[in-house]
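Below is one structure, written out as structure tokens; the observations come after it.
Numbers for residues simply follow the sequence, beginning at 1.
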Amino acid sequence: MEVKRRAVKNLVTKLSSVSEQTRTEAICELRMISKNDSDSRPLIADAGAVPYLSESLYSSNKLSQENATATLHNLSISHKDLLMSTRGLLDALSHALRNPSSPSVAQCAAGTIFSLLTVESYRSIIGHKRDILFGLIDIIKNPNSDSRTVKDALKALFGIALYPMNRAHIVELGAVPPLFSLLCNDGRAGILEDVTAVIAQIAGCEESWEAFRKISGVGVLVDMLDSSTGSSNRTKENAISALLNLVQCGGEETVNSIRGIVLGAVDGIIEVAENGTDKGRSKAMALLKILDVSSCTFQEEHMDYLSNHSL
């Protein structure tokens with residue numbers, strides 16, 4: 001271990017070199033070490049590498065930016081507190097998100113942010129960094145973003161939206177249209193599940209109803225519940241969660257506005273209420289209760305089910 005410590009210390013010392021080539025070579029080595037040897041991550045962190053790696057995210061050298069971002073991502077697995085306490089780190093990550101020299105830079109920056117967001121107390125801090133939100137939204141807006149980068153950006157947005165006060169910020173910064181655009185147009189594996197998870201979270205604020213209304217978002221969510229669309233069970237449960245959050249936050253006016261549309265998908269809601277996960281069944285039943293399905297005479301074909309389940 002002492003040999004490793006000295007080797008890491010030597011590499012970190014090179015990060016302050018006046019030679020760009022020396023700095024870049026050291027960053028590349030630290031990336032490989034942090035990737036392949038988890039025991040070396042504390043050594044890298046303790047040797048003071050994080051401030052230098054953070055500064056390297058501003059580098060115009062593609063190799064430096066790529067490897068610095070990847071190293072920070074690896075260190076974030078076990079050293080979240082150290083990263084968050086490093087002055088300027090979040091600003092450096094937002095710069096990497098918005099000015100990546102390659103797709104891997106954006107992906108690793110988004111992945112690092114998501115890793116930090118697993119700590120509940122950091123969600124409000126990160127959610128107030130508008131440039132981070134803009135950077136994540138830009139990724140999902142860009143049709144050329146690769147699927148891994150989009151998924152990491154969606155996971156980061158989901159983590160930010162877990163803090164209720166962040167949801168209005170996400171809506172106000174224009175996330176709703178590109179999220180629904182992904183939902184309608186992106187068929188890549190796993191994207192629909194992740195994007196509906198984000199939509200379900202941000203639906204839990206008063207500002208979401210107007211944003212959803214402008215793009216007919218309720219209709220899109222209802223379509224996800226139609227068996228003909230082939231949506232996964234997770235996607236359907238997320239769509240129900242979004243609709244439930246929307247009506248709970250929007251109140252009676254929202255309920256009255258969307259009842260007719262949502263009742264067109266009552267088959268899908270009842271399917272989840274019968275066969276979904278425990279959480280999914282609970283939310284489906286709650287949505288049926290708010291919509292007062294049992295009072296709708298045109299749903300007679302479901303009365304046997306509804307009469308046997310307390311709404």
side-chain contact (heavy atoms from CB on, under 4.5 Å) between L89 and L93, worked out: CA-CA 6 Å; L89 176 82; L93 286 170; 4.2 Å; yes

Trace of the side-chain contact (heavy atoms from CB on, under 4.5 Å) decision for L57 with L72: CA-CA 10 Å; L57 299 191; L72 286 170; 3.9 Å; yes

I44 vs V50, side-chain contact (heavy atoms from CB on, under 4.5 Å): CA-CA, chis, key distance, verdict: CA-CA 8 Å; I44 296 171; V50 173; over 6 Å; no

Full working for side-chain contact (heavy atoms from CB on, under 4.5 Å) between I270 and E274: CA-CA 6 Å; I270 289 179; E274 291 179 321; 3.9 Å; yes

Residues R5, D46; criterion salt bridge (Lys or Arg N to Asp or Glu O under 4.0 Å); working and verdict: CA-CA 10 Å; R5 191 185 307 276; D46 293 343; 5.2 Å; no

Trace of the salt bridge (Lys or Arg N to Asp or Glu O under 4.0 Å) decision for E29 with K14: CA-CA 11 Å; E29 288 191 55; K14 291 180 179 180; 5.3 Å; no

Trace of the side chain to side chain donor-acceptor pair (under 3.5 Å) decision for S94 with D131: CA-CA 6 Å; S94 69; D131 281 349; 4.6 Å; no

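With hydrogens and angles ignored, the 3.5 Å screen pairs a side-chain donor or acceptor of R281 with a backbone N or O of G276. Between the side chain of D152 and the backbone N or O of C108 there is no donor-acceptor pair closer than 3.5 Å. Looking at S282, its side chain never comes within 3.5 Å of a backbone N or O of D278 through a donor-acceptor pair. Looking at N142, its side chain never comes within 3.5 Å of a backbone N or O of D138 through a donor-acceptor pair. A donor-acceptor contact shorter than 3.5 Å links the side chain of S208 to the backbone of A203. Looking only at distances, no side-chain donor or acceptor of R123 sits under 3.5 Å from a matching main-chain atom of Y163. With hydrogens and angles ignored, the 3.5 Å screen pairs a side-chain donor or acceptor of N36 with a backbone N or O of M32. In this structure, the side chain of T22 does not engage the main chain of V18 through any donor-acceptor pair within 3.5 Å. Counting only distance, with no hydrogens or angles, the side chain of N67 and the backbone of I27 share no donor-acceptor pair below 3.5 Å. At distances below 3.5 Å, not a single donor-acceptor pair connects side-chain atoms of S56 with backbone N or O atoms of Q65.
Around atom CD of E172, more than 12 heavy atoms belonging to other residues, nucleotides or ligands sit under 6.0 Å away. At most 12 non-hydrogen atoms from other residues, nucleotides or ligands lie less than 6.0 angstrom from OH of Y52. Counting heavy-atom neighbours within 6.0 Å of R148 CZ, excluding the residue itself, gives a total of 12 or less. At most 12 non-hydrogen atoms from other residues, nucleotides or ligands lie less than 6.0 angstrom from NZ of K35. Residue-environment remark: CD (E206) stays at or below the threshold of 12 foreign heavy atoms within 6.0 Å. Within a 6.0 Å sphere centred on CD of Q248, heavy atoms belonging to other residues, nucleotides or ligands number more than 12.
Side chain to side chain, T277 and E237 meet the donor-acceptor criterion of an N or O pair below 3.5 Å. Residues N238 and T196 have side chains that bring a donor and an acceptor to within less than 3.5 angstrom of each other. A donor atom on one side chain and an acceptor atom on the other are not found under 3.5 Å apart for S17 and S19. Between the side chains of Y58 and D91, no donor N or O sits under 3.5 Å from an acceptor N or O. Looking only at atom types and distance, the side chain of T112 has no donor-acceptor partner in the side chain of S115 under 3.5 Å away. Looking at S59 and N61, their side chains never bring a donor and an acceptor atom within 3.5 Å of each other. Between the side chains of E66 and S101, no donor N or O sits under 3.5 Å from an acceptor N or O. For the 3.5 Å distance criterion, the side chains of T24 and S64 qualify, holding a donor opposite an acceptor. Between the side chains of S241 and K283, at least one donor N or O sits under 3.5 Å from an acceptor N or O.
Under the 4.5 Å side-chain contact rule for hydrophobic residues, L97 and I125 share a cluster. One hydrophobic cluster, built from ILVMFWY side chains closer than 4.5 Å, cannot hold both V105 and I137; they sit in different ones. Placement of L116 and I77 in two distinct hydrophobic clusters is found when ILVMFWY residues are connected by side-chain heavy-atom separations under 4.5 Å, directly or transitively.
Closest approach of G127 to H169, counting heavy atoms only: O-CD2, 4.3 Å. P177 approaches I215 most closely through the heavy-atom pair CA-CD1, 4.1 Å. Closest approach of T149 to P103, counting heavy atoms only: OG1-O, 3.6 Å. Of all the heavy atoms in K151 and G190, the pair that sits closest is NZ-O, 3.6 Å. For A47 against V12, the heavy-atom pair with the smallest separation is O-CG1, 3.3 Å. The heavy-atom pair separating A153 from A110 by the smallest distance is N-CB, 3.9 Å.
Counting only heavy atoms from C-beta outward, the side chains of V150 and D146 never approach each other to under 4.5 Å. Contact check for L154 versus I139: no side-chain heavy atoms found under the 4.5 Å cut-off. Side-chain contact between L75 and L53 is present, with at least one heavy-atom pair separated by less than 4.5 Å. Inter-residue side-chain proximity for L30 and L15 is flagged as met; some heavy-atom pair is nearer than 4.5 Å. Side-chain contact check for H128 versus M165: every heavy-atom pair is 4.5 Å or farther apart. Residues D81 and Y122 meet the side-chain proximity criterion, which asks for heavy atoms closer than 4.5 Å. Taking 4.5 Å as the limit, every side-chain heavy atom of L225 sits out of range of all side-chain heavy atoms of S231. Contact of the L157 side chain with the F114 side chain is not registered, since no non-hydrogen atoms from C-beta on lie closer than 4.5 Å.
Rounded to the nearest 0.5 Å, atoms CG (L63) and CD (Q21) are 10.5 Å apart. Taking OG of S232 as the start and CD of E193 as the end, the distance is 3.5 Å to the nearest 0.5 Å. Here CG of L83 is found 9.0 Å from CG of L90. Values are rounded to the nearest 0.5 Å. Interatomic distance, N245 CG to I240 CD1, rounded to the nearest 0.5 Å: 12.0 Å. Expressed to the nearest 0.5 Å, how far CD1 of I199 lies from CG of L243 amounts to 10.5 Å. Atom-to-atom distance recorded for I33:CD1 and R41:CZ is 12.0 Å, nearest 0.5 angstrom.
Under a 4.0 Å N-O distance rule, the pair D194/K155 does not qualify as a salt bridge. The existence of a salt bridge linking E271 and K236 is confirmed by a sub-4.0 Å separation between a basic side-chain nitrogen and an acidic carboxylate oxygen.
For an aromatic pair to be called close, the ring centres must be under 6.0 Å apart, and F180 with F212 satisfies this.
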